[in-house]
Amino acid sequence: MNISNLYRRTFGQKCLEIPPATSPITLVASLVRHPLTQNITQMRKIILFTFLALATFTTQAQTVIHTEDITNFWQAFDSTQNTNNKEKQIYFIQKYYLDKATVGLKYTTKPTYLEGQNAYNAQNWFTYISENKEKLIRIRPYTLDNLENQKKILQTKFGYFKELYPDFNRLDVYFVIGIGDFGGQANEKNVVIAAEVMAKDTPDWGISMVLHEFVHTLQALRNDALLQHTILEGMADFVAELANQKSLTETYPGGYIEFGNKNEKAVWNEYKKYIYSSETNGKFFDWLYGSKGREINETQVKDLGYFMGYTFCKAYYKNATNKKLALKEIIEWDLSTSEKAREFLLKSGYVPKKDLKFIKKFKFSPVIEQKIIVKKELYGYKQNEKEVVFTYKLGKSENNEAINKISVAGNFNGWNPSDDNYQMTFQKNRTYELRIQKSKFEKDKKYLFKFVTNGVNWLGIPEKALNIDEESGNLILKID
């Protein structure tokens, strides 16, 4: 029952005309000023009606947030730590975790990304636990009490989302522990958040990602070309920011939104070279989906396609007079063809005047990327007789004043960017350095690492790096 019908059942058909999407808060403000409410009896009815309306509104916006898989995972994890027998450890993972799987965890085990890949099984989780034990122990508190507190925050945010977009649909949100291959996924009815990727020491680490993925449940997702996917993903970021009432630069400090805002002209000029792509086989030229990223102003940054789509949607919303209608149009825009995506971009008002003719006239076609031959070299560290010397040099677009710290995180320190032993110190020529004794490492062991700014922003890896682990996308450290 919508609020208008609830009102009419309480007060009569012709008492007051109420727009169907009116929220209880707005409605009550209108009712108490209405002539019909100017006596005690009517005021009592108003109070009763308010409670009924709020209850109805809350129920309509209510979602179900599942954390059972998190609890089950830690039972399985603890059981694996009580034995060194591999077969028993795999058995415990199967018994306590996968056999109790919710719909969300079952969705996680499907071979979503790699065509022909087998579904994930207990062996996959055993391997992940073995290789990431220290990291899992470190994030454990953030997946338990911290996550329980976020349930309340999420329900408030979903309520506000429904005020912004009345066609909000109820859904289920599942928090799981995956094997590190995605942060969030969505289908028509469910959102799945991988805590092993997203969890960190902030009170709301899951909120923005849940809202982002929820937007995807409202879209008609397609496997089409770059511009469509750019808008789809950027839209999810933009709408999530609105619903969360918190800037993405605050949610993800040092991330692609912050970088894009500082380098918007350069990012747009590079993106234009690929905007006419008609590729529909998932070829996104490193603009999307956690690939190695694009190098802009000597800085390698992932997911700048999200930033471009975000700015298109932000411009559309900013330039609209009726914000609620604009949001509805953004979410429900038909992106089934590249031409319709072009229409959205043009209507957004984002395109600079000097580029309007190009954007209106270009033909969608395959993009032939001109590869520049780059001389490969060892990146991120060097060695002497006694030490490993990690080095990171700021790109031209990176502002040293905005960087509080740069750290090294890898499988040698539990991928912990807050480890005091791996904080780098500023040298000269915009360079940071960290010296670690070789005795801390084993010669025959495979070490992986990345640089992290301000404890949260995991830095991209330039194409010139010779020591890239293709499977994980991390840097390789090899001890001589």
Side-chain angles (χ1 to χ4, degrees), residues 61-70 101-115 117 119-120 143 147 150-151 153-155 157-162 164-165 167-199 204-224 228-244 248 251-252 256 282 284 288-291 302-303 305-306 309-310 313 327-328 330-336:
Q62 190 79 7
T63 63
V64 181
I65 301 169
H66 300 267
T67 57
E68 308 95 291
D69 291 311
I70 299 288
T102 63
V103 170
L105 182 54
K106 289 177 181 177
Y107 184 61
T108 303
T109 64
K110 294 179 181 179
T112 306
Y113 291 113
L114 302 177
E115 186 176 350
Q117 179 185 8
Y120 297 142
T143 69
L147 189 53
Q150 288 186 71
K151 289 183 179 182
I153 301 173
L154 276 169
Q155 295 296 1
K157 299 300 181 184
F158 280 130
Y160 180 63
F161 199 140
K162 184 167 180 63
L164 295 174
Y165 181 70
D167 290 333
F168 178 103
N169 295 317
R170 177 198 171 280
L171 77 161
D172 289 293
V173 178
Y174 296 89
F175 285 89
V176 304
I177 302 286
I179 58 172
D181 62 341
F182 73 92
Q185 293 183 8
N187 58 23
E188 294 82 0
K189 296 180 180 179
N190 305 310
V191 165
V192 183
I193 304 299
E196 84 286 359
V197 172
M198 299 304 302
D204 60 350
W205 59 260
I207 305 301
S208 184
M209 179 59 79
V210 170
L211 295 170
H212 175 105
E213 295 299 330
F214 173 69
V215 176
H216 285 323
T217 69
L218 303 172
Q219 298 169 328
L221 299 181
R222 300 180 60 82
N223 184 30
D224 286 309
Q228 290 152 286
H229 277 265
T230 296
I231 296 171
L232 286 168
E233 294 295 351
M235 179 195 303
D237 268 354
F238 173 70
V239 177
E241 182 180 74
L242 279 183
N244 195 20
L248 285 175
T251 303
Y252 304 116
Y256 56 82
F284 301 118
L288 298 164
Y289 305 126
S291 55
K302 292 182 176 182
D303 294 331
Y306 287 71
Y310 165 87
C313 294
L327 183 61
K328 180 179 177 63
I330 289 170
I331 292 173
E332 298 178 4
W333 194 278
D334 180 2
L335 292 168
S336 59

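We count residues from 1, following the sequence as given. Quick note: numbers below take in every heavy atom, side chains included, and nothing from hydrogens, waters or symmetry partners.
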Could you walk me through whether K151 and F175 pass the side chain to side chain contact (heavy atoms under 4.5 Å, CB included) test, one step at a time? CA-CA 11 Å; K151 289 183 179 182; F175 285 89; over 6 Å; no

Are more than 12 heavy atoms from other residues, nucleotides or ligands located less than 6.0 Å from atom NZ of K106? no

Minimum heavy-atom distance between K328 and D167, given as atom pair plus value: NZ-OD2, 2.8 Å

Taking every non-hydrogen atom, the tightest pair across A195 and I70: CB-CD1, 3.9 Å

Between L211 and F158, does a side chain to side chain contact (heavy atoms under 4.5 Å, CB included) hold up when you go through it step by step? CA-CA 8 Å; L211 295 170; F158 280 130; 4.0 Å; yes

Rounded to the nearest 0.5 Å, how far does CH2 of W333 lie from CD of Q228? 13.0 Å

Starting from the C-alpha separation in whole Å, work towards a yes-or-no answer on side chain to side chain contact (heavy atoms under 4.5 Å, CB included) for L154 and T63. CA-CA 9 Å; L154 276 169; T63 63; 5.8 Å; no

Any chance you could measure L171, atom CG, to N190, atom CG, to the nearest 0.5 Å? 7.0 Å

Measuring from T143:OG1 to I193:CD1, what's the distance to the nearest 0.5 Å? 14.0 Å

Only one of L105, V210, V176 clears side-chain contact (heavy atoms from CB on, under 4.5 Å) with V192; which? V176

Looking at every non-hydrogen atom in both residues, tell me the closest pair between E332 and Y165 and how far apart they are. OE2-OH, 2.6 Å

Without swapping roles, check the side chain of K157 against the backbone of A243 for a donor-acceptor pair under 3.5 Å. no

Is there a donor-acceptor pair under 3.5 Å between the side chain of E196 and the backbone N or O of G180? yes

Under the side-chain hydrogen bond (donor to acceptor under 3.5 Å, both in side chains) criterion, do H216 and Q219 qualify, and how do the steps go? CA-CA 5 Å; H216 285 323; Q219 298 169 328; 2.6 Å; yes

Quick one: does Q150's side chain have a donor or acceptor within less than 3.5 Å of a partner on G206's backbone? yes

Under 3.5 Å: donor-acceptor pair, side chain of D303, backbone of Y289: yes

Can you name the nearest heavy-atom pair linking I331 to M235, along with the distance? CA-SD, 3.7 Å

Parallel, tilted or perpendicular, judged at 30° and 60°: which one describes the rings of H229 and F284? tilted

For T251 and S208, the nearest pair of non-hydrogen atoms, with its separation, is CG2-CB, 3.7 Å

Is there a donor-acceptor pair closer than 3.5 Å between any side-chain N or O of T108 and the backbone N or O of G104? yes

Find out whether V239 and F161 are in side-chain contact, i.e. whether some heavy atom of one side chain is under 4.5 Å from a heavy atom of the other. yes

Do F182 and V197 come within less than 4.5 Å of each other through their side chains, counting heavy atoms only? no

Is there a donor-acceptor contact under 3.5 Å linking the side chains of Y256 and D237? yes

Can you name the residues that form a ring-ring contact (aromatic ring centres under 6.0 Å, His included) with Y310, not counting sequence neighbours? none

Side chains of W205 and L147 in contact at under 4.5 Å (non-hydrogen atoms): yes

Looking at D69 and T102, would you say the former's side chain and the latter's main chain have a donor-acceptor pair under 3.5 Å? yes

Which value, rounded to the nearest 0.5 Å, describes the distance between F238 atom CZ and I330 atom CD1? 5.0 Å

Could you walk me through whether V64 and R170 pass the side chain to side chain contact (heavy atoms under 4.5 Å, CB included) check? CA-CA 8 Å; V64 181; R170 177 198 171 280; 3.0 Å; yes

Do Y174 and Y107 have ring centres separated by under 6.0 Å? no

Spatial distance of atom CZ (F168) from atom CG (L218) [nearest 0.5 Å]: 8.0 Å

Correct closest heavy-atom pair for N169 and F214 would be O-CE1, 3.4 Å

